[in-house]
Number of protein chains: 2
Amino acid sequence: MHTLDGTDARILLAMVEDPRQTVVAMAAKLGLSRNTVQARMASLEKRHAFLAFDHRISPAALGYPLTAFISVHVQQQKLGALAVSLAGIPEVLEAHGLSGRADLLVRVVSTGAEDLFRINGKILACDGVERTETSLAMNELVPFRLTPLLERRLRP
Amino acid sequence: MHTLDGTDARILLAMVEDPRQTVVAMAAKLGLSRNTVQARMASLEKRHAFLAFDHRISPAALGYPLTAFISVHVQQQKLGALAVSLAGIPEVLEAHGLSGRADLLVRVVSTGAEDLFRINGKILACDGVERTETSLAMNELVPFRLTPLLERRLRP
DNA sequence: AAGAATATTGATCATTCTGCCTTATATTGC
DNA sequence: GCAATATAAGGCAGAATGATCAATATTCTT
């Protein structure tokens with residue numbers, strides 16, 4: 001079994017519904033045996049279906065209510081060093097290299113507008129960075145969710 | 001106590017280190033009483049420090065190994081309807097309205113290049129969308145992390 | 001269609017955890 | 001200094017866990 005099946009999806013959906021739920025409770029709710037749920041969970045973990053707990057921590061609750069996406073134009077030769085420099089900036093939550101143009105998409109959080117300005121400066125100061133373009137994340141049109149993909153897995 | 005203190009940060013760091021850890025284990029590891037850890041966790045939960053479990057599910061494990069960021073230029077008047085349309089596309093994980101220009105940043109996942117093409121088409125077909133610009137997320141220069149912000153909270 | 005491999009179930013067991021309580025002792029804010 | 005709050009330490013009943021096992025289903029292969 002290489003790919004996730006409907007039962008896995010149901011278990012994950014149950015986890016989304018209540019993350020602190022016990023295995024026994026889930027088994028009851030899903031009409032599965034405790035053994036099965038436990039085995040599936042172990043299997044999911046082995047297949048790296050779970051990302052680090054970092055992802056569940058709210059930056060806002062930590063005191064960083066402002067999210068921004070910074071498009072960073074770089075000199076490709078210095079990408080390696082840049083990865084290190086960017087990783088040195090705590091407010092950088094993630095940075096992706098994008099296809100096509102020689103630029104990165106960097107997700108940062110900040111305590112406010114002036115803080116964001118300072119962080120942008122730190123990025124600009126990194127060796128290999130040519131210019132940046134900051135966009136504040138104003139409204140969440142679609143708040144993060146994965147459940148539609150899980151629900152789709154239920155049918156076939 | 002409005003903001004997160006060092007003890008909260010230590011607890012969260014312990015959670016990152018091992019999410020399935022029990023409260024008793026954490027108390028032992030951190031040199032706190034079980035009571036304290038339990039109370040802190042409850043308090044963190046009450047303050048919405050934890051995001052939904054969705055965030056910890058790996059799209060790759062679900063069969064969507066390709067991530068892309070789609071910049072969507074829109075007619076502002078139709079933002080409301082667009083939120084609904086975009087939410088109707090399962091592969092859209094999140095969508096942010098950006099400051100300044102009238103465009104959105106949409107994070108999508110897909111099973112492959114042709115799938116991404118199809119999804120882009122679905123977005124283009126949404127009422128209010130003028131044009132899109134797709135960027136594939138090639139390499140993760142900085143994989144998602146929040147621990148630097150937590151560790152900073154340990155000192156002062 | 002038969003046989004093999006794999007999943008699921010139900011069951012047990014000892015150990016551990018939880019949720020909830022109470023009391024005493026810091027620690028902190030005013 | 002006093003009051004409010006956080007922490008520690010302990011106890012207790014109920015529940016959950018992890019690790020088994022054997023018996024059935026189910027799925028896959030050939």
Side-chain angles (χ1 to χ4, degrees), chain A residues 1-54 56-58 60-63 111 149-156, chain B residues 1-54 56-58 60-63 111 149-156:
Chain A
M1 183 165 298
H2 206 227
T3 175
L4 237 57
D5 70 358
T7 306
D8 291 312
R10 292 210 304 146
I11 291 178
L12 291 174
L13 281 168
M15 287 292 284
V16 173
E17 197 174 308
D18 178 7
R20 297 180 83 60
Q21 211 170 173
T22 79
V23 170
V24 207
M26 274 184 34
K29 176 180 298 185
L30 300 178
L32 296 171
S33 89
R34 176 167 86 90
N35 249 341
T36 303
V37 177
Q38 233 162 9
R40 293 279 187 154
M41 288 287 278
S43 158
L44 285 170
E45 193 141 351
K46 199 170 63 185
R47 282 184 278 167
H48 306 107
F50 300 123
L51 305 175
F53 189 81
D54 292 78
R56 279 202 58 205
I57 302 178
S58 158
L62 256 169
T111 62
L149 291 180
L150 291 173
E151 276 153 9
R152 162 189 289 181
R153 195 57 63 85
L154 293 182
R155 327 278 168 123
Chain B
M1 183 165 298
H2 207 228
T3 175
L4 238 57
D5 70 357
T7 306
D8 291 313
R10 291 212 303 148
I11 291 178
L12 291 175
L13 281 168
M15 286 292 285
V16 172
E17 196 175 307
D18 178 6
R20 296 180 83 59
Q21 211 169 174
T22 81
V23 171
V24 208
M26 272 183 33
K29 177 181 297 184
L30 300 178
L32 297 170
S33 89
R34 178 168 84 89
N35 255 339
T36 302
V37 176
Q38 235 164 7
R40 294 280 187 154
M41 288 286 279
S43 158
L44 286 170
E45 193 142 352
K46 199 170 63 185
R47 281 184 279 167
H48 306 106
F50 301 123
L51 305 175
F53 191 81
D54 292 77
R56 280 202 56 205
I57 302 178
S58 159
L62 255 168
T111 63
L149 291 180
L150 291 173
E151 276 152 9
R152 161 190 289 183
R153 197 53 66 85
L154 293 182
R155 326 277 166 124

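Each chain gets a letter, A, B and so on, in the order the sequences are listed, and its residues count up from 1. For the numbers below, each heavy atom of this structure counts, side chains included, while hydrogens, waters and symmetry mates do not.
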With a 3.5 Å cut-off and just heavy-atom distances, do the side chain of B:Arg34 and the base of D:dG10 make a donor-acceptor pair?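 No, no donor-acceptor pair under 3.5 Å.
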Sequence neighbours excluded, which residues qualify as side-chain hydrogen bond (donor to acceptor under 3.5 Å, both in side chains) partners of [X]?
X: B:Thr22; answer: none
X: B:Thr7; answer: none
X: B:Ser58; answer: none

Decide yes or no on side chain to side chain contact (heavy atoms under 4.5 Å, CB included) for B:Leu44 and B:Leu4, but give the supporting numbers first. CA-CA 9 Å; B:Leu44 286 170; B:Leu4 238 57; 3.6 Å; yes
Axis-to-axis angle across the helix from C:dA1-D:dT30 to C:dC30-D:dG1, five pairs an end, to 10 degrees?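 Rounded value for the end-axis angle: 70°.
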At under 4.0 Å between heavy atoms, how does the protein contact nucleotides 23-30 of chain C? Give one character per nucleotide, 5' to 3', with B, S or -. --------
Once ring-ring contact (aromatic ring centres under 6.0 Å, His included) is applied, what residue pairs with a partner in [range] remain, sequence neighbours excluded?
range: residues 26-46 of chain B; result: none
range: residues 17-45 of chain A; result: none
range: residues 23-45 of chain B; result: none

So which heavy atom on A:His48 is nearest to which on B:Ala61, and how close?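 A:His48 and B:Ala61 have their closest heavy atoms at O-CB, 4.0 Å.
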Expected output is a numbered-order residue list: members of residues 17-25 of chain B with a heavy atom under 4.0 Å from any atom of DNA chain D. What is it?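 Of all residues in residues 17-25 of chain B, none places a heavy atom under 4.0 Å from DNA chain D.
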Do the side chains of B:Arg152 and A:Leu62 get nearer than 4.5 Å, heavy atoms only?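 A:Leu62 does not reach B:Arg152 side chain to side chain.
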Side-chain donor-acceptor distances from residues 10-19 of chain A under 3.5 Å, at least two apart:
from    : atom 1 : to      : atom 2 : distance (Å)
A:Arg10 : NH2    : A:Leu30 : O      : 2.9
A:Glu17 : OE2    : A:Lys29 : NZ     : 3.3
A:Asp18 : OD1    : A:Arg20 : N      : 3.1

Taking only the side-chain heavy atoms of B:Thr36 (C-beta and beyond), determine which of D:dT7, C:dT8, C:dC20 contains the nearest atom.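 Looking only at side-chain atoms, B:Thr36 lies closest to D:dT7.
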Strictly below 4.0 Å: does A:Gln38 bring a side-chain N or O up to OP1 or OP2 of D:dT17?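 Negative; the distance criterion is not met.
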